[in-house]
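In listed order, ligands and their atoms are each counted from 1. This structure is a prediction, so every number in the text was calculated from the model and none was measured.
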Amino acid sequence: ASSVACLMLSGAAFAADLTVGFSQIGSESGWRAAETTVTQQQAKERGIDLKFADAQQKQENQIKAVRGFIAQGVDAILIAPVVATGWDDVLAEAKDAEIPVILLDRQIDAPEDLYLTAVTSDQVYEGKVAGEWLVKDVGDKACKVVELQGTTGSSPAINRKKGFEDAIAGHANITIARSQTGDFTRTKGKEVMESFIKAENGGKDICAVYAHNDDMAVGAIQAIKEAGLKPGTDIKVVSIDAVPDIFLAMSEGEANATVELTPNMAGPAFDALDKFLADGTQPAKWIQTESKLFTQADDPKGVYESKKDLGY
Ligand code: GZL
């Protein structure tokens, strides 16, 4: 009754003081930090009480957090699933407790009736856009690519690899010589790029680095510079997320292309949740967010300014 009264009083279409649990992976990248900021802002604007749990990149911590939310009797649960498998049991427990679950920014291999919807980009398409940019950039020149993969077993790592490979498939002059996970972090991205450079004639044989996110690309850029090479010219740099720092690198000519990923997955998630709780409307199982290519031709300094205060 009190929540209805508050709704009547405020007259705003606020969610009647919902409590939502959010199991976030961690803060491995600038993009993830922005997603957390935006989710908290979205909850605040809607009068939602958000219970936040940082899993420090561990699935077992996410599962523990979800069980805690179920025990608290929250109204709904958001999960950004660190890996694609191992969710069936805990999601079945949420279903038994009649608590709707919404997935943010990563898909999982589980029966669709175990979650209300997944709000993610088309990660295969992101990889394809990155690959198509490189195909266009190198023409028929021989180009040896090294790949920094995202977290092993995560849907973006699996999908972005596939999309990129699809894009270069018809171009025998472009080959992926080395591919290893950098776990979506700057530190690991730099470390793995250093090993690629050592293994490839001091980096002189590497034509491009494809990183599954900008944070690993920024790490790779540091490694390329420390090897005495010019990122963006000696070794092309293409990645995904469109975080502010990749635009700074682009404005210095040190990065070439990125595919934008919105950090606002929570907006569409809360909209779908509101409708479902109001009248049982079932959303589509996949709510797709946009993917847009940015290159040095797209005023990187201006884009940096527009993004730098958004919580990355
Ligand atoms: C993709 C998302 C990825 C980002 C990375 O949807 O899960 O996780 O691209 C983040 O920056 O680590």
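In this pair, Phe294 and Phe247 present their aromatic rings perpendicular. The plane angle is above 60°, beyond the 30 to 60° band.
With hydrogens and angles ignored, the 3.5 Å screen pairs a side-chain donor or acceptor of Thr181 with a backbone N or O of Gly150. For the pair Asp241 (side chain) and Val243 (backbone), a donor-acceptor distance under 3.5 Å is absent. Trp133 places no side-chain N or O within 3.5 Å of a backbone atom of Leu293 that could act as its donor or acceptor partner. Between the side chain of Asn213 and the backbone N or O of Ile240, no donor-acceptor pair lies under 3.5 Å.
Residue Met216 does not touch ligand 1, judged by heavy-atom distances below 4.0 Å. Heavy atoms from both the backbone and the side chain of Asp105 come within less than 4.0 Å of ligand 1. Heavy atoms of Leu261 found under 4.0 angstrom from ligand 1 belong exclusively to the side chain.
The contact set between ligand 1 and Pro156, taken as ligand atoms under 4.0 Å from a residue heavy atom, comprises 7 (O). Each of the atoms 8 (O), 10 (C), 12 (O) of ligand 1 lies under 4.0 Å from some heavy atom of Glu28. Contact atoms of ligand 1 toward Gln123: 6 (O) (distance under 4.0 Å to a heavy atom of the residue).
Contact annotation: Asp241 has at least one heavy atom less than 4.0 Å from an atom of ligand 1. Heavy atoms of Gln107 stay at 4.0 angstrom or farther from ligand 1. Residue contact check for ligand 1: Ser121 places no non-hydrogen atom closer than 4.0 Å to it.
Note that CZ of Arg160 and CG of Asp122 are 10.5 Å apart. Values are rounded to the nearest 0.5 Å.
Between Arg106 and ligand 1, at least one N/O pair is under 3.5 Å apart. By the 3.5 Å distance cut-off applied to N or O atoms, Trp31 is not counted among the residues near ligand 1.
Protein heavy atom in closest approach to atom 1 (C) of ligand 1: Arg160 NH2, 3.3 Å.
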Step-by-step side chain to side chain donor-acceptor pair (under 3.5 Å) determination, Thr258 to Asp214 = CA-CA 7 Å; Thr258 186; Asp214 294 342; 2.9 Å; yes
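Side-chain polar atoms of Gln24 and Glu35 form a donor-acceptor pair below 3.5 angstrom.
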